[in-house]
Visitor: 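A single structure is presented below for examination.
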Amino acid sequence: MILPKNQKPGLQKEKKMNSISIFADSEFDGVRIDKYLSVVFPDLSRSFIQKAIDCGNVSVNGKTVAKNYKLKTDERIEYIPLEPVKLEVKAQNIPLDIVYEDDDLLVVNKPKGMVVHPAPGNYENTLVNALLFHCKDSLSGINGVLRPGIVHRIDKDTSGLLIVAKNDIAHVKMSEQIKKHEVEKTYIALVKGIVKENQATINMPIGRSTKDRKKMAVNKKGKEAITHFKVIERFPKYNCTLLEIKIETGRTHQIRVHLSEIGYPVIGDEVYSNGKNQWNIKGQCLHAKSLKFKH
């Protein structure tokens with residue numbers, strides 16, 4: 001059995017006796033089993049997956065394998081999740097830049113370099129750890145113990161504004177607005193090159209990269225993605241341009257992918273600018289400047 005090409009690998013699973021069975025798609029022929037599972041389960045770290053393999057919790061065609069085992073098309077992978085460790089995400093007294101707060105929600109200005117929520121292998125120094133200290137028990141619980149209050153997120157190395165829900169009603173209402181594209185998000189970005197147009201719209205579908213499954217790319221089979229930008233200032237001396245950006249859709253890495261595709265990658269973006277970073281800036285120069293939504 002081979003997954004349809006228009007379906008994300010790993011989503012078609014059979015759950016039986018707490019195990020998950022997956023059938024390898026042809027595009028992963030020759031790929032290491034640990035790398036493949038890190039694509040199928042993006043919330044799990046590579047080291048966590050390797051630990052599961054070492055514990056014998058991963059088998060191919062009924063036989064346990066090593067973490068360097070290379071898959072063949074149509075092989076059946078069975079994954080038995082490791083027994084969950086009792087998890088208590090601890091509150092940490094980490095300073096927060098709170099832009100707005102009331103009884104229902106707060107808006108936080110997240111710094112570059114801070115992870116939004118904990119994940120296996122990284123349970124400390126995240127935005128959630130800081131929120132638990134600041135809000136105590138006043139956070140929505142819809143997203144579970146690892147993501148209390150988190151309605152949406154931005155990348156670790158992107159700075160800017162995030163909405164945090166303090167109760168489940170606020171969480172549901174804000175999630176509905178985001179899903180319907182009713183939340184207006186404005187970003188600023190410093191990009192490499194002198195952008196000629198004063199303003200323009202990029203309308204290119206985005207999907208998983210066929211060359212690197214951990215990256216996104218402009219893909220004809222991807223989902224609609226629309227990005228509007230206008231020039232704030234050009235810096236010919238440094239060959240860069242400051243842009244204001246508004247997005248109609250919220251695809252993963254949308255702004256970074258779109259700008260890289262038209263030849264103006266975000267400065268400091270190690271993923272979508274071929275690693276070229278003449279100023280050795282850590283993290284992309286991308287900032288979520290403002291949010292507009294209905295309270």
Side-chain angles (χ1 to χ4, degrees), residues 8 38-39 42-43 108-117 119 126-127 150-163 178 181 183-197 199-235 238-291:
K8 182 178 178 180
S38 69
V39 172
D43 288 339
V108 177
N109 182 25
K110 185 192 81 69
K112 181 190 294 187
M114 175 181 272
V115 175
V116 172
H117 58 75
T126 71
L127 178 62
I150 301 302
V151 180
H152 64 121
R153 63 181 183 178
I154 53 179
D155 298 329
K156 171 186 175 182
D157 288 325
T158 297
S159 60
L161 302 183
L162 280 172
I163 303 167
I178 290 172
H181 310 303
V183 177
E184 184 178 299
K185 303 175 183 178
T186 304
Y187 295 76
I188 53 173
L190 189 65
V191 301
K192 185 175 181 179
I194 303 300
V195 179
K196 296 179 181 179
E197 301 86 355
Q199 58 185 30
T201 295
I202 307 169
N203 188 345
M204 299 178 181
I206 291 177
R208 190 69 58 180
S209 170
T210 56
K211 297 179 180 179
D212 184 345
R213 300 298 296 183
K214 288 190 174 184
K215 293 172 63 175
M216 307 302 290
V218 170
N219 187 329
K220 292 181 180 179
K221 296 182 179 180
K223 295 181 179 180
E224 180 185 44
I226 301 173
T227 303
H228 308 282
F229 71 81
K230 67 177 182 180
V231 171
I232 297 175
E233 189 171 354
R234 297 179 178 90
F235 303 96
Y238 302 104
N239 189 35
C240 58
T241 306
L242 185 64
L243 301 177
E244 179 183 274
I245 301 160
K246 293 187 178 182
I247 54 175
E248 286 191 27
T249 51
R251 307 304 173 208
T252 302
H253 300 170
Q254 177 175 322
I255 294 173
R256 297 160 62 192
V257 171
H258 269 172
L259 291 175
S260 177
E261 182 69 19
I262 65 172
Y264 303 108
V266 178
I267 290 175
D269 187 345
E270 295 183 359
V271 177
Y272 298 105
S273 62
N274 298 320
K276 297 178 181 179
N277 186 350
Q278 66 193 87
W279 293 289
N280 296 317
I281 292 172
K282 301 298 182 183
Q284 57 265 9
C285 294
L286 180 62
H287 176 74
K289 176 185 177 183
S290 68
L291 292 166

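Since this is a predicted model, take the numbers as computed values, not measurements. Residue numbers count from 1 along this sequence.
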Visitor: Does R251 reach the main-chain N or O of G207 with its side chain, forming a donor-acceptor pair under 3.5 Å?
Guide: no
Visitor: Could you pull out the closest heavy-atom pair between H287 and S159, with the gap in Å?
Guide: ND1-OG, 2.8 Å
Visitor: In Å, rounded to the nearest 0.5 Å, how long is the span from NZ of K112 to CD1 of I281?
Guide: 6.5 Å
Visitor: Do E224 and I206 touch side chain to side chain, with heavy atoms closer than 4.5 Å?
Guide: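 E224 vs I206: side chains apart.
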Visitor: Do E248 and H228 have side-chain atoms, one donor and one acceptor, less than 3.5 Å apart?
Guide: yes
Visitor: Which heavy atom of I194 sits nearest a heavy atom of C240, and at what distance?
Guide: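 Closest heavy-atom pair between I194 and C240: CD1-O, 3.6 Å.
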Visitor: First locate atom NZ of K185, then atom CD1 of I154, and finally report the distance between them rounded to the nearest 0.5 Å.
Guide: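 It comes to 9.5 Å.
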Visitor: Could you walk me through whether I188 and I232 pass the side-chain contact (heavy atoms from CB on, under 4.5 Å) test, one step at a time?
Guide: CA-CA 9 Å; I188 53 173; I232 297 175; 3.9 Å; yes
Visitor: Are the side chains of K246 and E244 in touch, meaning some heavy atoms are under 4.5 Å apart?
Guide: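 Result yes, sub-4.5 Å side-chain heavy-atom pair found.
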Visitor: Mind checking side chain to side chain donor-acceptor pair (under 3.5 Å) for T249 and listing every partner two or more places apart, or none if nothing turns up?
Guide: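 Q254.
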Visitor: Indicate yes or no for a side-chain donor-acceptor contact from R234 to the backbone of G193 under 3.5 Å, with no hydrogens or angles considered.
Guide: no
Visitor: Between N219 and R208, is there a donor-acceptor pair closer than 3.5 Å when you use the side chain of the first and the backbone of the second?
Guide: yes
Visitor: Can you check whether L162 reaches H152 side chain to side chain, under 4.5 Å on heavy atoms?
Guide: yes
Visitor: To the nearest 0.5 Å, how far apart are CG in D269 and NZ in K192?
Guide: 12.0 Å
Visitor: I'd like to know if the side chain of E233 pairs up with that of T241 as donor and acceptor (distance under 3.5 Å, no hydrogens or angles considered).
Guide: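 Absent: no donor and acceptor within the cut-off.
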Visitor: Is there side-chain contact between V151 and I178, with heavy atoms separated by less than 4.5 Å?
Guide: yes
Visitor: Contact between L161 and V108 at the side-chain level, heavy atoms closer than 4.5 Å - yes or no?
Guide: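 Not in contact.
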Visitor: Going through the checks in order, is the ring-ring contact (aromatic ring centres under 6.0 Å, His included) test met by Y272 and H253?
Guide: CA-CA 9 Å; Y272 298 105; H253 300 170; 5.5 Å; yes
Visitor: Please check: side-chain N/O of K110 versus main-chain N/O of T158, any donor-acceptor pairing under 3.5 Å?
Guide: yes
Visitor: Within a radius of less than 6.0 Å around OH of Y238, do more than 12 heavy atoms belonging to other residues, nucleotides or ligands occur?
Guide: no
Visitor: CD1/I202 to CD/E261 distance, rounded to the nearest 0.5 angstrom?
Guide: 9.0 Å
Visitor: To the nearest 0.5 Å, what is the distance between OG1 on T227 and CD1 on I247?
Guide: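 That separation rounds to 6.5 Å.
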Visitor: Between A189 and L286, which heavy-atom pair has the shortest distance, and what is it?
Guide: CB-CD1, 3.7 Å
Visitor: Run the side-chain contact (heavy atoms from CB on, under 4.5 Å) test on V271 and K214 for me, step by step, so that the C-alpha distance in whole Å, both residues' side-chain angles and the decisive distance to 0.1 Å come before the verdict.
Guide: CA-CA 10 Å; V271 177; K214 288 190 174 184; over 6 Å; no
Visitor: Provide the closest heavy-atom pair for A225 versus H258 in the form atom of the first, atom of the second, distance.
Guide: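 Looking at all heavy atoms of both residues, the closest pair is O-CE1, 3.2 Å.
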Visitor: S273 side chain to P265 main-chain N or O, any donor-acceptor pair under 3.5 Å?
Guide: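 It does not hold such a pair.
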Visitor: Less than 4.5 Å apart, side chain to side chain, heavy atoms only: is that true for M114 and T126?
Guide: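 No, too far: nothing below the 4.5 Å cut-off.
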Visitor: Working to the nearest 0.5 Å, report the span between CD1 of I267 and CG of L242.
Guide: 9.5 Å
Visitor: Given side chains that start at C-beta, do those of L291 and E184 come closer than 4.5 Å, heavy atoms only?
Guide: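 A side-chain contact is absent here, since even the closest heavy-atom pair is not under 4.5 Å.
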Visitor: Testing the basics here: between H117 and V115, what is the closest heavy-atom pair and its distance to 0.1 Å?
Guide: O-CG1, 3.3 Å
Visitor: Could you tell me if the side chain of V195 sits less than 4.5 Å from the side chain of L243, heavy atoms only?
Guide: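 Result yes, sub-4.5 Å side-chain heavy-atom pair found.
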Visitor: Looking at K282 and D157, does any basic side-chain N land under 4.0 Å from a carboxylate oxygen?
Guide: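 The answer is no: the pair does not qualify as a salt bridge.
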Visitor: Determine the minimum heavy-atom distance between M216 and T252, stating which atoms define it.
Guide: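 For M216 and T252, the tightest heavy-atom pair comes out as CG-O, 3.5 Å.
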